[in-house]
There are 2 protein chains.
Amino acid sequence: MRIGELAERAGTTTRALRYYESRGLLPARRAVNGYRTYDEDDLRLLQQIRTLQDFGFELEETRPFVDCLRAGHPAGDSCPASLDVYRRKLAELDALIGQLDAVRTQVGAQLARAELEAGAALPGGPEPRCELTQGALTHDGLTD
Amino acid sequence: MRIGELAERAGTTTRALRYYESRGLLPARRAVNGYRTYDEDDLRLLQQIRTLQDFGFELEETRPFVDCLRAGHPAGDSCPASLDVYRRKLAELDALIGQLDAVRTQVGAQLARAELEAGAALPGGPEPRCELTQGALTHDGLTD
DNA sequence: CCTTGCCTTGACGCCGACGTCAAGGACTAC
DNA sequence: GTAGTCCTTGACGTCGGCGTCAAGGCAAGG
């Protein structure tokens with residue numbers, strides 16, 4: 001099959017396929033007229049790539065899975081290198097989720113405090129003030 | 001003070017300050033020689049920006065807070081527009097964390113299954129490799 | 001022959017928040 | 001005067017994964 005059909009069957013675009021090829025991830029055979037030619041195996045490789053991409057894996061991280069399939073293994077994650085990617089991704093996810101949870105807690109606290117102060121300023125009357133309103137912010141250097 | 005000192009006191013760079021100015025977020029007065037000139041109020045605005053940036057807010061999302069401070073309010077989040085940003089960010093964080101949790105679960109399951117299959121495929125029958133592997137198979141082990 | 005549609009390569013655009021030169025002006029110290 | 005440090009504007013680079021033309025080749029139908 002040609003690039004357009006493969007792209008459609010895998011739910012992606014021809015541009016993405018050419019990009020994968022430029023990265024050496026999914027090279028294509030060529031027909032006499034220069035057209036890229038793919039088979040069902042390429043579709044499987046591509047599906048593996050897309051599945052991992054949907055999980056948030058970077059392209060380079062999908063390479064071990066693709067290589068594994070191309071080596072004849074039944075699944076992309078039948079090889080140690082793929083499992084390593086899984087493990088690294090899990091650690092990465094745990095770290096990221098932990099950071100986001102911390103940020104969520106902080107932002108939630110800030111919102112609650114700010115809403116309290118806003119509400120207290122409206123009805124008109126003396127209100128208690130929290131001493132923690134200033135300087136409670138920490139720079140944990142979360143790079144998003 | 002000049003741009004270098006402000007950058008250092010706020011823990012950022014002169015390039016970042018020029019960028020903020022180019023975005024209209026933190027304009028500077030100019031000395032006769034053309035040098036940018038800042039005061040303590042600018043430092044406060046900048047600290048507000050940096051704090052939010054560290055939380056993962058985009059630059060545009062810090063604008064309401066900066067405007068709020070510049071309008072004379074005691075805190076950057078003393079204004080309704082700032083609270084709206086807080087709320088949107090919370091919703092955004094919740095959605096993102098939820099997605100990441102789902103991905104984590106999926107990837108964890110894939111890893112457990114692939115490890116199991118790899119162990120079963122070993123010559124001489126499956127051998128338990130370590131306790132963590134068994135734990136990951138039975139529970140949703142976060143133990144690393 | 002002409003149009004239509006798929007294909008080719010090449011190259012710039014995009015997003016965010018700056019980093020990193022480059023070339024030159026300003027000011028201080030000696 | 002000159003060395004050193006700070007400042008100025010301008011402009012290109014970065015990262016990932018493509019999107020979006022542009023210009024042209026190839027195959028098939030009318």
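Within every chain, numbering begins at 1; the chains are lettered A, B, ... in the order of the sequence lines, protein sequences first and strands thereafter.
The closest donor-acceptor contact from the side chain of B/Thr105 to the backbone of B/Asp101 lies under 3.5 Å. With hydrogens and angles ignored, the 3.5 Å screen pairs a side-chain donor or acceptor of A/Asp42 with a backbone N or O of A/Asp39.
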task: Could you walk me through whether B/Arg113 and B/Gln110 pass the side-chain hydrogen bond (donor to acceptor under 3.5 Å, both in side chains) test, one step at a time?
output: CA-CA 5 Å; B/Arg113 181 197 47 70; B/Gln110 291 296 311; 2.8 Å; yes

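Contacts of B/Tyr86 classified as ring pair (Phe, Tyr, Trp, His ring centres under 6.0 Å), with partners at least two apart in sequence or in another chain: B/Phe65. Contacts of B/Glu58 classified as side-chain hydrogen bond (donor to acceptor under 3.5 Å, both in side chains), with partners at least two apart in sequence or in another chain: none. Take A/Arg88 and apply the salt bridge (Lys or Arg N to Asp or Glu O under 4.0 Å) test, not counting sequence neighbours, and it matches no residue. Scored by the side-chain contact (heavy atoms from CB on, under 4.5 Å) test, A/Ala71 finds A/His73 as partners (sequence neighbours excluded). For B/Tyr20, the side-chain hydrogen bond (donor to acceptor under 3.5 Å, both in side chains) partners two or more places apart in sequence, or in a different chain, are B/Arg50.
Straight-line distance from the CD atom of B/Glu5 to the C1' atom of D/dT5: 15 Å, rounded to whole Å. The CZ-C1' distance, from A/Arg2 to D/dA28, rounds to 11 Å in whole Å.
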What N/O pairs connect the protein and nucleotides 14-17 of chain D at under 3.5 Å? Give each pair on its own line.
residue	atom	partner	partner atom	Å
D/dG17	OP1	A/Leu59	N	3.0

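One finds no salt bridge joining A/Arg104 and B/Glu92 here, because no Lys/Arg side-chain nitrogen approaches an Asp/Glu carboxylate oxygen to under 4.0 Å. With salt bridges taken as basic N to acidic carboxylate O contacts below 4.0 Å, one links A/Glu60 and A/Arg63. A/Arg30 and A/Glu21 are joined by a salt bridge, as a carboxylate oxygen and a charged side-chain nitrogen come within less than 4.0 angstrom of each other.
In the helix from C/dC1-D/dG30 to C/dC30-D/dG1, the rotation axis of the first five pairs and that of the last five pairs differ in direction by 40°, rounded to 10 degrees.
Listed by first and then second residue, the disulfide (SG to SG under 2.5 Å) pairs involving residues 9-104 of chain B are B/Cys68-B/Cys79 (not counting sequence neighbours). For residues 28-61 of chain B, the set of pairs meeting the disulfide (SG to SG under 2.5 Å) definition, not counting sequence neighbours, is empty.
Listed in residue order, the members of residues 8-16 of chain A having a heavy atom less than 4.0 Å from DNA chain D are A/Thr13, A/Arg15, A/Ala16. Residues from residues 27-51 of chain A with heavy atoms under 4.0 angstrom of DNA chain D, sorted by number: A/Asn33, A/Tyr35.
When all heavy atoms of A/Leu59 and A/Arg23 are compared, the closest pair comes out as CD1-CG, 4.4 Å.
From the 5' end on, the contacts that DNA chain C makes with chain B at under 4.0 Å to a non-hydrogen atom open and close at C/dA17 to C/dC27.
Both tests pass for B/Lys89 against the ring of B/Phe57: distance under 6.0 Å to the centre and angle within 45° of the axis.
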